[in-house]
Amino acid sequence: MSGDPPGEPPPTGVRAFLRALGPGLITGAADDDPSGIGTHSQVGAQFGYGLAWTFVLSFPLMVVIQEVAALIGRVTGAGIARNLRRHYPRFILWLMVSLLLIANVVNLGADLSAMGAALTLLVGGSPALYTLGFGIICIVLEVALSYPRYSAILKWTTLSLFTYVGVVLVAHVPWPHALRSLVVPELQFNAAYATAFVAILGTTISPYLFFWQAGQEVEEQRRRHVKPLCLTPGSAGPELKRIRIDTLVGMAFSTLVSLAIVFATAATLHASGVRDITTSSQAAEALRPIAGQFAFAMFAVGIIGTGLLAVPVLAGSAAYAVTEMAGFASSLDAKPLDARLFYATIAVTTLAGASLNTIGIDPARALYWAAVVNGILAGPLMAVMMLIVRNPKAMGRLTVSRRQMVLGWTATGVMIAASALFLGFIVRDLL
């Protein structure tokens, strides 16, 4: 690998595998953010194991679309917004980035609020103060640390997700029933079930993750001082393999953790008659009398750990999008004074999210509307991404294969249909 010191042989075996993990692993782990944990907790509490099969469906869709995002970054040497600026009408760029900013700020508010509430459950104190404190900590880390050091921290932070594996191990899950639910759907034909199905897709296939993974591939290219693959197609083989492994592992990790949360809450909350969970911190609190102090503490600690991973990804994806839209350089490795817009976007979006609950906006309710915005944005953005990876002007000789094209458009079609279904329920509720 070109990032290895001169004269040192390239890593092999387990070491090579671990070195291949990076943007995809972090992206997959960030998908299980506190707001996603709240959604999965609600699914497990309300429907038990009845929606576990949807994660089997969503996994290949996640893999293919996140691989498309990674390919855009690594092959073109530019993020999604910069490719939109280069090759497509400007109004599409402005619409996509504007919707992303709205959804990300609300999502940041929900995640930071959940982290503050989780810390309050553990040690007491002011959740509002903790929420603001977590926001400031994330801003300082993103601004002060170099990209290699910060990406390493994010990589290690993914270990916090194993707390949910620990919760499953003490939750007395009926494994024959749970595993059967992965392949035998327990269908219900009602609005609540359909809405939960769409919510799962919305929390697993999120636009901010597309921008982040593409941006991270550009960062990795700069760190290793290599050219975009569109300029060096002959060397693409090993890089495309790395991207595939990294993305596959990251999305598998994300899916397994999501299932762990559903199984844990199904075995405890649903089995005990607790069916209404609106936030991740509420799920943690509900676990205490049912599954014990240990499971409660692990669940709450996991909320904080995943938040520390997801908040920088949300703010960072917004920063990549805004600076690329404006035509400026964007990098976590740049000095603050050399990338003012980039770091200002990180700070402003994070603080805006942290301030939502201080101005009377309920983060849990706001997250509902963020899901609406993500639903509006995801399908069209995925369609534009599929156009980019088939565009020789952007990708050179490395346009995606027919197989990838079919899978990518299938994922796009499923997401558009799910978003339309979700929006249909929104309209019905409003009327």
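Given the structure is predicted, the values throughout are model-derived calculations rather than measurements.
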- Could you go through the ring pair (Phe, Tyr, Trp, His ring centres under 6.0 Å) check for Phe253 and Phe162 one step at a time? CA-CA 10 Å; Phe253 188 31; Phe162 282 107; 5.4 Å; yes
- Query: When you look at Leu51 and Gln46, which way does the side chain to side chain contact (heavy atoms under 4.5 Å, CB included) test go after all the steps?
  - Reply: CA-CA 10 Å; Leu51 277 160; Gln46 186 173 1; over 6 Å; no
- Test Val262 against Phe55 for side chain to side chain contact (heavy atoms under 4.5 Å, CB included), laying out the working first. CA-CA 10 Å; Val262 171; Phe55 293 95; 3.8 Å; yes
- Task: Determine, stepwise, if the pair Leu121 / Ser281 fulfils side chain to side chain contact (heavy atoms under 4.5 Å, CB included).
- Result: CA-CA 8 Å; Leu121 290 175; Ser281 55; 4.1 Å; yes
- List the steps and the verdict of side chain to side chain contact (heavy atoms under 4.5 Å, CB included) for Asp246 and Leu25. CA-CA 6 Å; Asp246 185 25; Leu25 175 66; 4.0 Å; yes
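A 4.5 Å side-chain heavy-atom check between Tyr164 and Asp32 finds every atom pair outside the cut-off. Annotation: side chain of Leu332 is in contact with side chain of Ile346 (closest heavy-atom distance under 4.5 Å). At a threshold of 4.5 Å between non-hydrogen side-chain atoms, the residues Glu186 and Arg180 do not count as touching. At least one side-chain heavy atom of Tyr88 sits less than 4.5 Å from a side-chain heavy atom of Ile388. The shortest side-chain heavy-atom distance between Met62 and Asp31 falls under the 4.5 Å cut-off. With a 4.5 Å cut-off on side-chain heavy atoms, Leu201 and Thr54 do not count as touching. You'll find the side chain of Phe263 reaches within 4.5 Å of the side chain of Ser181, heavy atoms only. In this structure the side chain of Leu182 never reaches within 4.5 angstrom of the side chain of Tyr49, judged on heavy atoms.
Residues Asn104 and Thr349 bring no donor and acceptor atom of their side chains to less than 3.5 Å of each other. Ser146 and Asp333 share no side-chain donor-acceptor pair at under 3.5 Å. With hydrogens and angles left out, the side-chain atoms of Gln216 and Thr27 include no donor and acceptor closer than 3.5 Å.
Atom CD1 of residue Ile37 and atom OG of residue Ser258 lie 8.5 Å apart, to the nearest 0.5 angstrom. In this structure, the separation between CZ on Arg288 and CZ on Phe296 is 3.5 Å, given to the nearest 0.5 Å. For the atom pair CG of Leu93 and CG of Leu95, the computed distance is 9.5 Å after rounding to the nearest 0.5 Å. To the nearest 0.5 Å, atom OG1 of residue Thr350 and atom CD1 of residue Ile137 are 12.5 Å apart.
Of the possible polar contacts, none joining the Thr158 side chain to the Leu154 backbone as a donor-acceptor pair under 3.5 Å is found. Between the side chain of Thr255 and the main chain of Ala252, no donor-acceptor pair closer than 3.5 Å is present. Without hydrogens or angle criteria, Arg82 side chain to Phe328 main chain gives a donor-acceptor distance under 3.5 Å. Without hydrogens or angle criteria, Arg390 side chain to Val400 main chain gives a donor-acceptor distance under 3.5 Å. The backbone N or O of Leu337 sits less than 3.5 Å from a side-chain atom of Arg340, completing a donor-acceptor pair. Put simply, the side chain of Thr131 gets close to the backbone of Pro127: a donor and an acceptor are under 3.5 Å apart. Using a distance-only test at 3.5 Å, with no hydrogens or angles considered, no donor-acceptor pair links the side chain of Ser317 to the main chain of Trp212. Judged by distance alone, the side chain of Ser272 and the main-chain N or O of Leu269 form no donor-acceptor pair under 3.5 Å.
Using a 4.0 Å cut-off between a side-chain N of Lys or Arg and a carboxylate O of Asp or Glu, Glu219 and Arg224 do not qualify as a salt bridge.
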Hey, can you pull the donor-acceptor pairs under 3.5 Å for the side chains in residues 65-76, sequence neighbours left out?
from: Gln66; atom 1: NE2; to: Leu209; atom 2: O; distance (Å): 3.3
from: Gln66; atom 1: NE2; to: Gln213; atom 2: OE1; distance (Å): 2.8
from: Glu67; atom 1: OE2; to: Arg244; atom 2: NE; distance (Å): 3.2
from: Glu67; atom 1: OE2; to: Arg244; atom 2: NH2; distance (Å): 3.2
from: Glu67; atom 1: OE2; to: Gln404; atom 2: NE2; distance (Å): 3.3
from: Arg74; atom 1: NE; to: Glu239; atom 2: OE1; distance (Å): 2.8
from: Arg74; atom 1: NH1; to: Lys227; atom 2: O; distance (Å): 3.1
from: Thr76; atom 1: OG1; to: Ile72; atom 2: O; distance (Å): 2.4
from: Thr76; atom 1: OG1; to: Ala78; atom 2: N; distance (Å): 3.2
from: Thr76; atom 1: OG1; to: Ala78; atom 2: O; distance (Å): 3.1
from: Thr76; atom 1: OG1; to: Asn83; atom 2: ND2; distance (Å): 3.0

Atom pairs and distances, donor-acceptor, side-chain atoms in residues 303-315, under 3.5 Å, two or more places apart:
from: Thr306; atom 1: OG1; to: Gly302; atom 2: O; distance (Å): 2.9
from: Thr306; atom 1: OG1; to: Ile303; atom 2: O; distance (Å): 3.1

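Among Tyr343, Phe342, Tyr208, the one residue that satisfies the ring pair (Phe, Tyr, Trp, His ring centres under 6.0 Å) test with Tyr320 is Phe342. For the side chain to side chain contact (heavy atoms under 4.5 Å, CB included) with Asn107, the lone residue among Pro34, Ser206, Ser35 that qualifies is Ser35.
Summarising the local packing, CH2 of Trp175 is surrounded by more than 12 heavy atoms from other residues, nucleotides or ligands at distances under 6.0 Å. Heavy-atom contacts from other residues, nucleotides or ligands closer than 6.0 Å to CZ of Arg149 number 12 or fewer.
Shortest non-hydrogen contact noted between Met96 and Leu381 is CE-N, 3.8 Å. Nearest heavy atom pair, residue Ile416 against residue Gly379, reads CG1-CA, 3.5 Å. Closest of all the heavy-atom pairs between Ala318 and Leu101 is CB-CD2, 3.8 Å. Heavy-atom minimum distance, Glu217 versus Pro23: OE2-CG, 3.7 Å. For Met385 against Phe210, the heavy-atom pair with the smallest separation is SD-CD1, 3.6 Å. Among all heavy-atom pairs drawn from Ala45 and Ile277, the shortest one is CB-CG1, 3.9 Å.
Aromatic ring pairs are classed by plane angle as parallel below 30°, tilted from 30° to 60° and perpendicular above 60°; the pair Trp53 and Phe197 is parallel.
Side-chain rings of His270 and Phe47 stay apart, their centers remaining 6.0 Å or farther from each other.
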